[in-house]
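In what follows, a single structure is set out as structure tokens and then discussed.
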Amino acid sequence: MEDLIFAAAKVMSVWLTVVFTLIVLPSVFGASLGISELYMRILVKTLEWATIRIQKGVKQEQAMALKNSASSGIIQRDETTMEKEIAGLHRVDFELSDVFYFSKKGIEAIVEDEVTQRFSSEELVSWNLLTRTNVNFQYISLRLTVVWVLGVLIRYCLLLPLRVTLAAIGIVSMIVGTTLVGQLPNSNAKDWLSELVHLTCSRILVRALSGTITYHNKENRPQKGGICVANHTSPIDVLILTNDGCYAMVGQAHGGLMGLIQRSTVKACPHVWFERSEMKDRHLVTKRLREHIADKNKLPILIFPEGTCINNTSVMMFKKGSFEIGGTIYPVAIKYDPQFGDAFWNSSKYDIVSYLLRIMTSWAIVCNVWYMPPMVREEGEDAVQFANRVKSAIARQGGLTELSWDGGLKRAKVKDTFKEQQQKNYSKMIVGNGSTGNPTMGAE
């Protein structure tokens, strides 16, 4: 028994030594030994080979149909406005044929609406050898099956233990490091040490995801006293951004492990955590954020204005609160490559533990980050218009679809105001066409 314990301790000692030497120490200096680059080259070649094998095993017509359905969806929508489409049915006044337009839109929404599909994982054109994405592909060949089995063994027997080890090291280092730094008096040295701890731990945690991140236009990185806003796909968005710079986080105070991390990090860095009761007080939240950005020596605030995770195919409505504070906005676009691993967190389907397990058993997390030129609120522009302008810029840069819908529809029903707005638009159109009848008749 003692020999078994000694052997296990010896294996653990060797394991931790290798991890610290090859991964943790290079992270401290922001360096890489080229291991992850070699892994990504092998992975890309393997997936390319698998794609060729799949294309040979699947008929060309089926592959093209899958490609079209993955990119365009089930329904080919006509983007013509209500006014133009109904105008094509008649010239003036209300006609019974107007019902066809609303019936068509209703059927389209039932079959495939453009909102709820943003809360499910993006469909892949070609299988990436992960069981969870093998929805449209069946048995192809023995060779491909053998490669898939080897992949399962590598991901669960090698990569998962390695990533769990790195995650544990990163989290413990974050808690201990920020707690120690937090004991120091406020000074430039404390700020420097705090940023060093945050950057180092973020780099370790990114390596725990086999993260391969490309940062573009670094000259536009958010500056102190500003507000960084980005599209939101996953909780790991924070790690993706803090891997290249430090930010002050804004959010609700939690309990458990997350609460422990929050309480320790706020000692070393001016994060802004709110209690649950405070989150409902918009004036208090706005006041504290304004006080933060008024100090040009404090780190930029990181905010995700969508308020929920979207599947990285689109950008949904930005809440206006972030744009009422004032100051300079630094837009950031984040685009993940789903071929190597799905970063989207479907919180209505998976809890955080299940989600992290899926992430840590994926091949890798690959993404591009674009820092965009700073933006300020223009004269005569309200907060909603400013938010929409920033959202449009992020969508264009990231190649994402821009939607005006509220991400809150992930868990809530459509507000009555949306339905009433359509009724008002139709009524105004009838009145404008010179209808002598009841102007609201067509909206009933």
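Small disclaimer: the values here were computed from a predicted structure and weren't measured.
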Open item on the list: Less than 3.5 Å apart, any donor N or O on the side chain of Arg163 or Ser210 sitting next to an acceptor on the other?
Closed with: yes
Open item on the list: Determine whether a donor-acceptor pair (N or O, by modelled atom type, separation under 3.5 Å) exists between the side chain of Ser194 and the backbone of Ala268.
Closed with: yes
Task: Positive for side chain to side chain contact (heavy atoms under 4.5 Å, CB included) with Leu205, one of Ile169, Leu239, Ile236 - done: Leu239
Task: Heavy-atom pair of closest approach, residues Ile303 and Ser322 - done: CG2-OG, 3.2 Å
Task: Ion pair Glu291/Lys287, N-O distance below 4.0 Å - done: yes
Task: Donor-acceptor pair, side chain of Gln385 and main chain of Asp382, under 3.5 angstrom - done: yes
- [ ] Test Leu160 against Arg155 for side-chain contact (heavy atoms from CB on, under 4.5 Å), laying out the working first.
- [x] CA-CA 6 Å; Leu160 180 58; Arg155 288 187 291 110; over 6 Å; no
Open item on the list: I'd like to know if the side chain of Thr200 and the backbone of Val197 have a donor-acceptor N/O pair within less than 3.5 Å.
Closed with: no
Open item on the list: Arg389 vs Glu381, test: side-chain contact (heavy atoms from CB on, under 4.5 Å). Steps then yes/no.
Closed with: CA-CA 10 Å; Arg389 183 159 60 91; Glu381 187 177 44; 2.9 Å; yes
Task: Residue pair Phe344 / Tyr355: nearest heavy atoms and the distance that separates them - done: O-CE1, 3.4 Å
TODO: Look up atom CD1 in Ile394 and atom CE in Met375, then write down how far apart they are to the nearest 0.5 Å.
DONE: 8.5 Å
Open item on the list: Just verifying a value: how many Å separate Leu150 CG and Cys157 SG, rounded to the nearest 0.5 Å?
Closed with: 11.0 Å
Open item on the list: Looking at Thr265 and Gln262, would you say the former's side chain and the latter's main chain have a donor-acceptor pair under 3.5 Å?
Closed with: yes
Open item on the list: Looking at every non-hydrogen atom in both residues, tell me the closest pair between Asn217 and Trp370 and how far apart they are.
Closed with: ND2-CD1, 4.4 Å
Open item on the list: Between Thr21 (side chain only) and Val18 (backbone N and O only), is there a donor and an acceptor less than 3.5 Å apart?
Closed with: no
TODO: State, yes or no, whether a side-chain contact exists between Asp342 and Ser362 at a heavy-atom distance under 4.5 Å.
DONE: no
Open item on the list: Any heavy-atom pair between the side chains of Ile227 and Pro300 that's under 4.5 Å?
Closed with: no
TODO: Using a strict 4.0 Å threshold on nitrogen-to-oxygen distance, state whether Lys391 and Glu306 make a salt bridge.
DONE: no
- [ ] Determine, using ring centers only, whether Phe323 and Phe386 are less than 6.0 Å apart.
- [x] yes
Open item on the list: Are Leu302 and Val250 packed together at the side-chain level, in the sense that at least one heavy-atom pair is separated by less than 4.5 angstrom?
Closed with: no
Task: Residue pair Leu241, Tyr247: steps toward the side-chain contact (heavy atoms from CB on, under 4.5 Å) verdict - done: CA-CA 8 Å; Leu241 294 177; Tyr247 298 87; 4.0 Å; yes
Task: Point-to-point distance, once rounded to the nearest 0.5 Å, from OH of Tyr371 to OH of Tyr215 - done: 5.5 Å
Open item on the list: Could you check whether any side-chain heavy atom of Val181 comes within less than 4.5 Å of a side-chain heavy atom of Lys190, counting everything from C-beta outward?
Closed with: yes
TODO: Check whether any side-chain N or O of Ser354 sits under 3.5 Å from a backbone N or O of Tyr350 as a donor-acceptor pair, and report yes or no.
DONE: no
Open item on the list: Distance check, rounded to the nearest 0.5 Å: Met316 atom CE versus Glu402 atom CD?
Closed with: 11.5 Å
Open item on the list: Tell me whether Asn188 at atom CG has more than 12 heavy atoms from other residues, nucleotides or ligands lying less than 6.0 Å away.
Closed with: no
Task: Glu219 atom CD, over 12 foreign heavy atoms within 6.0 Å - done: yes
TODO: Taking the side chain as every heavy atom from C-beta outward, state whether Thr214 and Val369 have any atom pair closer than 4.5 Å.
DONE: no
TODO: Answer whether the closest heavy-atom distance between the side chains of Thr361 and Val152 falls below 4.5 Å.
DONE: no
Open item on the list: Restricting to non-hydrogen atoms, name the atom on Lys335 and the atom on Thr313 that form the minimum distance, rounded to 0.1 Å.
Closed with: NZ-CA, 4.4 Å
- [ ] Heavy atoms only: give me the nearest Arg377-Ala383 pair and the separation to one decimal.
- [x] NH2-N, 3.4 Å
Open item on the list: So for atom NZ, which belongs to Lys296, do other residues, nucleotides or ligands contribute more than 12 heavy atoms lying within a distance under 6.0 Å?
Closed with: yes
Open item on the list: Could you check whether any side-chain heavy atom of His292 comes within less than 4.5 Å of a side-chain heavy atom of Pro270, counting everything from C-beta outward?
Closed with: yes
Open item on the list: In the structure I gave you, are the side-chain heavy atoms of Leu153 and Leu158 within less than 4.5 Å of one another anywhere?
Closed with: no
- [ ] Identify the heavy atoms of Val332 and Asn231 that sit nearest to each other, and give their distance.
- [x] O-OD1, 3.6 Å
- [ ] Measure the spacing between CG of Leu47 and CD1 of Ile42 and express it to the nearest 0.5 Å.
- [x] 12.0 Å
TODO: Mind running side-chain hydrogen bond (donor to acceptor under 3.5 Å, both in side chains) on Tyr336 and Ser234 for me, showing each step along the way?
DONE: CA-CA 10 Å; Tyr336 293 91; Ser234 160; 5.2 Å; no
- [ ] Go through Lys267 and Thr178 one step at a time and tell me if the side-chain contact (heavy atoms from CB on, under 4.5 Å) criterion holds.
- [x] CA-CA 7 Å; Lys267 296 176 183 178; Thr178 52; over 6 Å; no
Open item on the list: Strictly distance-based, threshold 3.5 Å: is any side-chain N or O of Ser13 a donor or acceptor partner for the main-chain N or O of Ala9?
Closed with: no
Task: Pairs flagged by salt bridge (charged side-chain N to carboxylate O under 4.0 Å, His left out) wherever residues 234-252 is involved - sequence neighbours left out - done: Lys218-Asp244, Arg221-Asp244
TODO: Using side chain to side chain contact (heavy atoms under 4.5 Å, CB included) as the criterion, list what pairs up with Met12, not counting sequence neighbours.
DONE: Trp15, Leu16
- [ ] Rounded to the nearest 0.5 Å, what's the gap from OG on Ser202 to CZ on Arg207? Could you check?
- [x] 11.0 Å
TODO: Could you verify whether a donor N or O on one side chain and an acceptor N or O on the other, from Thr401 and Ser314, lie under 3.5 Å apart?
DONE: no
Open item on the list: With a 6.0 Å cut-off on the ring centroids, do His198 and His271 count as close?
Closed with: yes
